[in-house]
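These numbers come from the heavy atoms of this one structure, side chains and all, not from hydrogens, waters or symmetry mates.
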Amino acid sequence: MISRYDVIVVGAGHAGCEAALAAARMGRRTLLLTLKLDSIALMPCNPSIGGPAKGHLVREIDALGGQMARTTDDTYIQIRMLNTGKGPAVQALRAQSDKRQYALSMRRTLEAQPNLDLVEAEVVGLLAESPLPPRRERARVREPRITGVETSDGSHYLAPAVILTTGTFLNGKLIRGEHSEPGGRRDEPPSLPLTDSLRSLGLALGRLKTGTPPRVDSRTVDYELAAMQPGDTDRPLYFSFANADRSAMTDQLPCHLVTTTAETHRIIRDNLHRAPMFNGTITGVGPRYCPSIEDKVVRFADKSSHQLFLEPEGRDSLEVYVQGANTSLPEDVQLAMLRSIPALGHCEMIRLGYAVEYDYVLTNQIDVSMESKPIRGLFLAGQINGTTGYEEAAAQGLVAGINAALRAWDEPAMGLSRGSSYIGVMLDDLCTKELTEPYRLFTSRAEYRLLLRQDNADLRLSALGHELGLISDEQFERVEAKRSGVAEALGSLRSSFLTPTAAVNQALIQAGQAPLSKQMSALDLLRRPDMTYDLIARLADQPELPPDVLEQVDVEAKYEGYIAKQHAEVERSQKLESRPIPPDFDYDAVSGLRTEARLRLTQFRPTTLGQAGRLYGVNPADVAILMVRLSKAEAASAAA
Ligand SMILES: Cc1cc2nc3c(=O)[nH]c(=O)nc-3n(C[C@H](O)[C@H](O)[C@H](O)COP(=O)(O)OP(=O)(O)OC[C@H]3O[C@@H](n4cnc5c(N)ncnc54)[C@H](O)[C@@H]3O)c2cc1C
């Protein structure tokens, strides 16, 4: 059987769902192929969305017209704003999802989406138009071109753009204690032939590892012995900007905090010889920042306890996820370890923790549009690129979906820069850094953190989402109303002055603020730490502002100097970011480049001078040499 589409998406995890929805919403005939329709948008690990940097990603996905924020808002059981005591750059939303409801809701969204077909099938091979070019040319020429995929029943699905989002399934292996078996994740088979197909198309693969903790039966937990962690119920919190009018959710479910004991650590240490992490069974590299419990006990031997969070997996679920106890120890050790914690002294395990090892595609082979460099029209998104996390996967899926839709109709790709978004930071990191462990986004990875706040993602990105047809006119008008509301309020504060009258100073002193000694603009007064707009509005007769406008006004006033500095830095960096390097640029012909720089440049093939400068092993002198060479080439072609 042969069927034709504009875009084919392989995989229905978080990357695949965003990719398919984006392409279909952009009007492309889209096909989503997945191994198991019943596990669409499954969260195989922690049932939570957001947190520092990840919450920023979710807001950005929403601002561009993606789905994750909306589905999270519709199905969470707890939500909190993290880091409220810190600056606005690192404050982040985190929601505890109802795992089953999230997956169901996403499936309903996919099924209701016009232009989108869903098919359960295993993709076993990629179809490409022309044979491989000679090895020397391979990195330079974007050939062959993808034409479609083949499934295990011999069907051919054809499209000019294919997005692979196969997560941990490529050559996946599940490991627990002495037991290991092929698998993509629990109860799902691995994807074996597709790995071979990628290799035969000339893509280089690496191997990584991740893991998940055991789940316990909620009825067997003694919550009296755990510290309760409630959600924020006193104010409305939401991921999607479209839900700004919602009221606070009051019937949230709590999480609980427990800690490991000396006995837990003894049990783990006594069984290290049975731990696949330590006895050589696991060879893939796991995330250092999210170590297994056995790894934590060994690496931080001086720590007498570690925190674990008991997180419910849903309203209608008895399963409790033990966050922080990620392990691949054998079953008997997992149970003994958990039972050494007072609140879990009588717990029963519903599911066992395990580790999964899988192949990923080395990311020097993709560009920031998520298109693979060697095979035109082939896009890769999510864990197949060595990243970890639902949010990272979803953000890549959205970008790949948009760019595959553009590629299918031969339109130029859309790009996101480091100065525009966390998504831009992640894409650039993937294209310029060699992964030594699964990649996760942190706020520390962004150099312009104060610009890339979760509260202003709509102001940064919705115009692009609207232009692509992913943000409705109505939603875009709301964003523009917010933008002009902020500008008006700042203008009004700038031109309103307070004089040091007795009434003004008394109100300031009552609010714990220093009195005025001379006239001051309302904007300058708002710059003071802890000064609220409400007080200024009263004293300087300013209008009441909607909460989202007020939030921006407060941040803009208090951090104006820093924000202006970061804007200037972004502008300066544009000089290098806007200098493209042709895909077939011959680094061997550039004299003066150091050997290490030449090797790195050839390996990664950066698309701009800015990217070239961020490659490990390329220094400013190398960039200067490249700039001269590119200028000469440009001048020569202009003269020709
Ligand atoms: C055991 C485990 C533990 C994890 N622990 C963490 C953690 O602690 N922290 C964290 O941030 N992240 C963790 N993750 C990672 C997180 O789940 C993923 O990063 C994220 O879900 C990846 O999304 P994805 O869309 O790239 O792929 P996935 O969600 O893995 O989806 C892959 C999709 O591809 C489909 N597929 C695969 N092969 C084929 C094929 N040949 N044909 C058709 N369809 C195919 C599958 O059916 C599936 O729908 C863990 C994952 C696992 C499995």
Side-chain angles (χ1 to χ4, degrees), residues 13-14 36 39 41-49 51 54 96-100 102-103 166-170 172-177 179-190 207-218 255 258 260 264 268 275-278 281-282 284-297 306-314 317-331 333-335 337-338 341 344 347-358 360 382-383 386-393 437-440:
H14 302 274
K36 220 171 152 184
S39 57
L42 183 82
M43 295 185 198
C45 202
N46 199 349
S48 90
I49 302 270
K54 288 167 172 272
Q96 194 69 25
S97 279
D98 186 311
K99 182 171 166 172
R100 202 178 306 154
Y102 184 96
T166 49
T168 49
F169 286 70
L170 288 186
K173 184 164 100 176
L174 311 184
I175 304 152
R176 190 190 66 244
H179 180 78
S180 96
E181 60 180 323
R185 61 187 171 203
R186 189 195 318 270
D187 300 331
E188 293 191 60
R207 196 134 175 95
L208 291 171
K209 168 247 155 189
T210 187
T212 195
R215 275 50 156 193
V216 296
D217 184 332
S218 171
C255 295
V258 296
T260 57
T264 322
I268 293 171
M277 281 276 304
F278 293 97
T281 312
I282 288 179
V285 188
R288 252 179 322 146
Y289 44 78
C290 184
S292 64
I293 186 76
E294 51 269 31
D295 203 11
K296 281 192 257 192
V297 166
H306 295 283
Q307 288 189 331
L308 303 179
F309 294 89
L310 305 180
E311 302 178 339
E313 295 219 333
S317 171
L318 292 172
E319 285 185 57
V320 175
Y321 178 96
V322 188
Q323 199 219 317
N326 164 0
T327 184
S328 53
L329 281 159
E331 176 173 356
V333 185
Q334 292 192 24
L335 187 60
M337 164 184 105
L338 290 176
I341 295 162
L344 301 176
C347 76
E348 294 295 342
M349 291 190 297
I350 292 184
R351 291 177 205 260
L352 296 174
Y354 67 98
V356 54
E357 259 190 357
Y358 53 95
Y360 75 104
Q383 196 139 0
T387 61
T388 169
Y390 313 130
E391 304 82 352
E392 285 87 344
E437 61 183 317
Y439 177 94
R440 173 184 171 174

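- Counting only distance, with no hydrogens or angles, the side chain of E392 and the backbone of R440 share no donor-acceptor pair below 3.5 Å.
- Judged purely by atom type and a 3.5 angstrom limit, R215 uses its side chain to pair as donor or acceptor with the backbone of P213.
- Of all non-hydrogen atoms in P438 and T388, the two that sit nearest each other are CB-CG2, 3.7 Å.
- A donor and an acceptor atom, one from each side chain of E294 and T327, are located under 3.5 Å apart.
- We find that E313 and K99 are joined by a salt bridge, their nearest charged nitrogen and carboxylate oxygen being less than 4.0 Å apart.
- Here E348 pairs with R339 under the salt bridge (Lys or Arg N to Asp or Glu O under 4.0 Å) rule; sequence neighbours left out.
- Between Q334 and S328, the closest heavy-atom pair is NE2-C, 4.4 Å.
- For the pair S292 (side chain) and D295 (backbone), a donor-acceptor distance under 3.5 Å is present.
- Looking only at side-chain heavy atoms (C-beta outward), R185 and L42 come within less than 4.5 Å of each other.
- With sequence neighbours excluded, the residues forming a side chain to side chain contact (heavy atoms under 4.5 Å, CB included) with S48 are N46, R94, Q96, listed by chain and number.
- Across G211 and C45, no two heavy atoms sit closer than the pair O-SG, 3.9 Å.
- Interatomic distance, OG1 of T264 versus NE2 of H306, reported as 9.5 Å (0.5 Å rounding).
- In this structure, G382 and T387 approach most closely via the heavy-atom pair O-OG1, 3.2 Å.
- With respect to P214, the side chain to side chain contact (heavy atoms under 4.5 Å, CB included) criterion is satisfied by exactly one of I350, L338, L352: L338.
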- [ ] Verify side-chain contact (heavy atoms from CB on, under 4.5 Å) between F169 and E188, making sure each step is shown before the conclusion.
- [x] CA-CA 9 Å; F169 286 70; E188 293 191 60; 3.7 Å; yes
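- One distance of note links OG of S218 with CG of L310; it measures 9.5 Å at 0.5 Å rounding.
- Partners of S180 by side chain to side chain contact (heavy atoms under 4.5 Å, CB included), not counting sequence neighbours, listed by chain and number: K173, I175.
- Between Y358 atom OH and T168 atom OG1 the span is 7.0 Å, to the nearest 0.5 Å.
- Nearest heavy atom pair, residue L174 against residue G183, reads CD2-O, 3.6 Å.
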Open item on the list: Could you walk me through whether H14 and M43 satisfy the side-chain contact (heavy atoms from CB on, under 4.5 Å) test, starting with their C-alpha distance in whole Å, then the side-chain angles of each, then the deciding distance to 0.1 Å, before giving a yes or no?
Closed with: CA-CA 8 Å; H14 302 274; M43 295 185 198; 3.8 Å; yes
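- From T260, atom OG1 reaches atom CG of L344 across 11.0 Å, with rounding to the nearest 0.5 Å.
- Residues meeting the salt bridge (Lys or Arg N to Asp or Glu O under 4.0 Å) test with R100, sequence neighbours left out: none.
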Open item on the list: Using side-chain contact (heavy atoms from CB on, under 4.5 Å), reason through Y102 and S97 one step at a time and then give a plain yes or no.
Closed with: CA-CA 7 Å; Y102 184 96; S97 279; 4.0 Å; yes
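- Between I49 and K54 there is no side-chain heavy-atom pair separated by less than 4.5 Å.
- Y354 contributes atom OH, which lies 10.0 Å from atom CD of E181 (distance to the nearest 0.5 angstrom).
- For the atom pair CD (E437) and CG (L208), the distance works out to 9.0 Å, reported to the nearest 0.5 Å.
- Residues E311 and V322 form no side-chain contact, since every pair of their non-hydrogen atoms from C-beta on lies 4.5 Å or further apart.
- Summarising the geometry of E331 relative to M349, their closest heavy-atom pair is O-CE, 3.7 Å, with the distance given to 0.1 Å.
- Residues K296 and I268 fail the side-chain proximity criterion, which asks for heavy atoms closer than 4.5 Å.
- Residues N326 and T212 form no side-chain contact, since every pair of their non-hydrogen atoms from C-beta on lies 4.5 Å or further apart.
- With sequence neighbours left out, the side-chain hydrogen bond (donor to acceptor under 3.5 Å, both in side chains) criterion links Y390 to no other residue.
- Residues that satisfy the salt bridge (Lys or Arg N to Asp or Glu O under 4.0 Å) test with R351, not counting sequence neighbours, are E319.
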